[in-house]
Amino acid sequence: MSTSTSLQPTGVLAPGANLNAYVQAVSAFSILTVDEEQELAKDLYFNGNLDAARKLVMAHLRFVVHIARSYNGYGLPLGDLVQEGNVGLMKAVKRFNPDKGVRLVSFAVHWIKAEIHEFILKNWRIVKIATTKAQRKLFFNLRGAKKRLAWLSNDEAAAVAQDLGVDIKQVREMEGRLASYDAGFDADEDDEDSAYVAPAHYLEDNRYDPAVRLEESNWEESNVNGLELAMQKLDDRSRAILQRRWLNDDKATLHDLAAEYGVSAERIRQLEKNAMNKVKTMMLEA
């Protein structure tokens with residue numbers, strides 16, 4: 001095979017922080033001729049030569065960058081789009097059959113775009129904007145189909161629906177989704193305007209509702225009374241252990257109580273656990 005397909009350097013498989021350096025590096029790789037591509041593709045397809053796969057991928061990284069740049073308008077980092085496109089390229093190389101009579105770049109376009117599309121749909125908005133096949137088609141074509149920034153007229157919406165093979169209702173629904181935006185639930189402290197529209201400010205504040213306060217007071221009183229009754233049913237030692245371990249301001253340690261009762265700290269822990277279980281059971285049954 002000709003040595004004109006030198007693919008050095010090989011350490012630029014993924015775009016990093018310096019995207020410009022990555023683009024320059026992949027642009028330096030030689031474009032394969034038809035014969036070179038066929039030879040590498042057959043070596044991979046029939047012999048499983050992974051080095052041939054690497055050379056095919058490296059020679060086509062520039063095309064991934066070109067395709068990824070066409071999706072810049074979605075507000076996502078170009079480096080991430082390129083990385084996802086590279087995944088699609090590698091999937092295409094793995095599936096490429098050199099006997100089909102097409103160039104790898106033509107075959108790979110579908111796989112590269114499919115990975116980029118999936119990444120955009122997952123990351124463009126917090127809430128998924130397109131889930132069905134028809135919605136995905138509309139999402140990636142509606143912007144280009146709209147000839148102005150204003151809402152589509154009925155005739156324009158009908159024309160878009162006909163061109164894309166979907167219902168006009170679906171066109172209107174996707175147009176509304178594209179016009180919406182993500183908003184934070186809480187107000188942005190640095191944005192005075194958001195304080196008037198943040199959803200958090202429109203929730204009903206029930207903290208001082210008399211009914212709520214009475215319910216909380218009754219619940220607390222019921223718990224206190226239930227605890228007192230349950231404690232009274234314990235034997236003296238168990239009651240004293242719980243009192244001193246959990247209810248007194250100056251709480252005793254396991255070792256303090258072990259020394260006082262002349263038993264091990266583990267025995268105090270067991271008595272404490274048993275007493276707690278009894279209290280919980282009696283409070284639930286009350």
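All values below were derived from every heavy atom in this structure, side-chain atoms included, with hydrogens, water molecules and symmetry-related copies excluded.
The cluster map of Ile, Leu, Val, Met, Phe, Trp and Tyr, joined by side-chain heavy atoms under 4.5 Å apart, puts Leu257 and Met231 in different clusters. By the rule that hydrophobic residues join a cluster once side-chain heavy atoms approach within less than 4.5 Å of another member, Leu254 and Leu247 end up as members of separate clusters. Cluster annotation: Leu229 and Met276 are assigned to distinct hydrophobic clusters (Ile/Leu/Val/Met/Phe/Trp/Tyr, side-chain heavy-atom contacts under 4.5 Å, transitive).
At most 12 heavy atoms of other shown residues, nucleotides or ligands fall within 6.0 angstrom of atom CD in Gln162. Residue Glu260 qualifies as enclosed at atom CD: its count of foreign heavy atoms under 6.0 Å is above 12. For CZ of Phe63, the number of neighbouring non-hydrogen atoms (other residues, nucleotides, ligands) closer than 6.0 Å is greater than 12. Counted within 6.0 Å of CD on Glu220, heavy atoms from surrounding residues, nucleotides or ligands total 12 or fewer; the atom is thus considered open. Within 6.0 Å of the NZ atom in Lys280, the count of heavy atoms belonging to other residues, nucleotides or ligands does not exceed 12.
In this structure a side-chain-to-backbone donor-acceptor pair under 3.5 Å is present from Thr281 to Asn277. At least one donor-acceptor pair closer than 3.5 Å links the side chain of Asn18 to the backbone N or O of Ala21. Side-chain atoms of Asn86 never come within 3.5 Å of backbone atoms of Gln83 as a donor-acceptor pair (strictly under, hydrogens ignored). Distance alone, capped at 3.5 Å, places no donor-acceptor pair between the Asn248 side chain and the Asp250 backbone. A donor-acceptor pair under 3.5 Å is formed between the side chain of Arg62 and the backbone N or O of Ser27. Listed for the Asn274 side chain is a donor-acceptor partner under 3.5 Å among the backbone atoms of Gln270.
Pairs of residues two or more places apart, or lying in two chains, never qualify as ring pair (Phe, Tyr, Trp, His ring centres under 6.0 Å) while including a residue from residues 235-275. Judged as a salt bridge (charged side-chain N to carboxylate O under 4.0 Å, His left out), not a single pair has a partner in residues 18-33 (not counting sequence neighbours). Counting only residues at least two apart or on different chains, the salt bridge (charged side-chain N to carboxylate O under 4.0 Å, His left out) pairs with a member in residues 81-102 are Lys91-Glu115.
Side-chain contact between Val57 and Arg54 is absent, with no heavy-atom pair separated by less than 4.5 Å. Side-chain contact between Leu44 and Phe96 is absent, with no heavy-atom pair separated by less than 4.5 Å. A heavy-atom distance below 4.5 Å is not found between the side chains of Leu78 and Tyr71.
Among all heavy-atom pairs drawn from Ser30 and Ala59, the shortest one is O-CB, 3.8 Å. Closest of all the heavy-atom pairs between Leu234 and Val279 is CD1-CG2, 3.8 Å. The shortest heavy-atom contact between Val82 and Val64 is O-CG1, 3.5 Å. When every heavy atom of Ala41 is checked against every heavy atom of Pro98, the shortest pair comes out as CB-CB, 3.7 Å. In plain terms, the two heavy atoms of Ala230 and Met283 that are nearest each other are CB-CG, 4.2 Å. The shortest heavy-atom contact between Leu81 and Leu76 is CD1-O, 4.1 Å.
Between atom CD of residue Glu221 and atom CG of residue Leu214 there is a gap of 10.0 Å, rounded to the nearest 0.5 Å. Here the straight-line distance linking atom CD1 of Ile168 with atom CG of Asn154 works out to 6.0 Å at 0.5 Å rounding. Annotation: the span from Arg244 atom CZ to Ile268 atom CD1 amounts to 9.5 Å, rounded to 0.5 Å. Taking CG from Leu61 and CG from Leu56, the interatomic distance works out to 11.0 Å, rounded to the nearest 0.5 Å. For the atom pair His117 NE2 and Ile120 CD1, the distance stands at 6.0 Å (nearest 0.5 Å). Here the CD1-NZ distance, from Ile241 to Lys273, works out to 14.5 Å after rounding to the nearest 0.5 Å.
Between His60 and Phe29, the gap from one ring centroid to the other reaches at least 6.0 Å.
Checked for salt-bridge contact, Arg239 and Asp235 miss the test: no charged N lies under 4.0 Å from a carboxylate O.
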Considering only distance and modelled atom types, tabulate donor-acceptor pairs under 3.5 Å from the side chains of residues 101-114, sequence neighbours left out.
from	atom 1	to	atom 2	distance (Å)
Arg103	NE	Glu37	OE1	3.2
Arg103	NE	Glu37	OE2	3.3
Arg103	NH2	Leu32	O	3.1
Arg103	NH2	Glu37	OE1	3.1

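Side chains of Ser222 and Asn225: no donor on one and acceptor on the other come within 3.5 Å.
With sequence neighbours excluded, the residues that form a side chain to side chain donor-acceptor pair (under 3.5 Å) with Arg245 are Glu272.
The hydrophobic side chain of Leu50 is isolated, with no ILVMFWY side chain under 4.5 Å apart from it.
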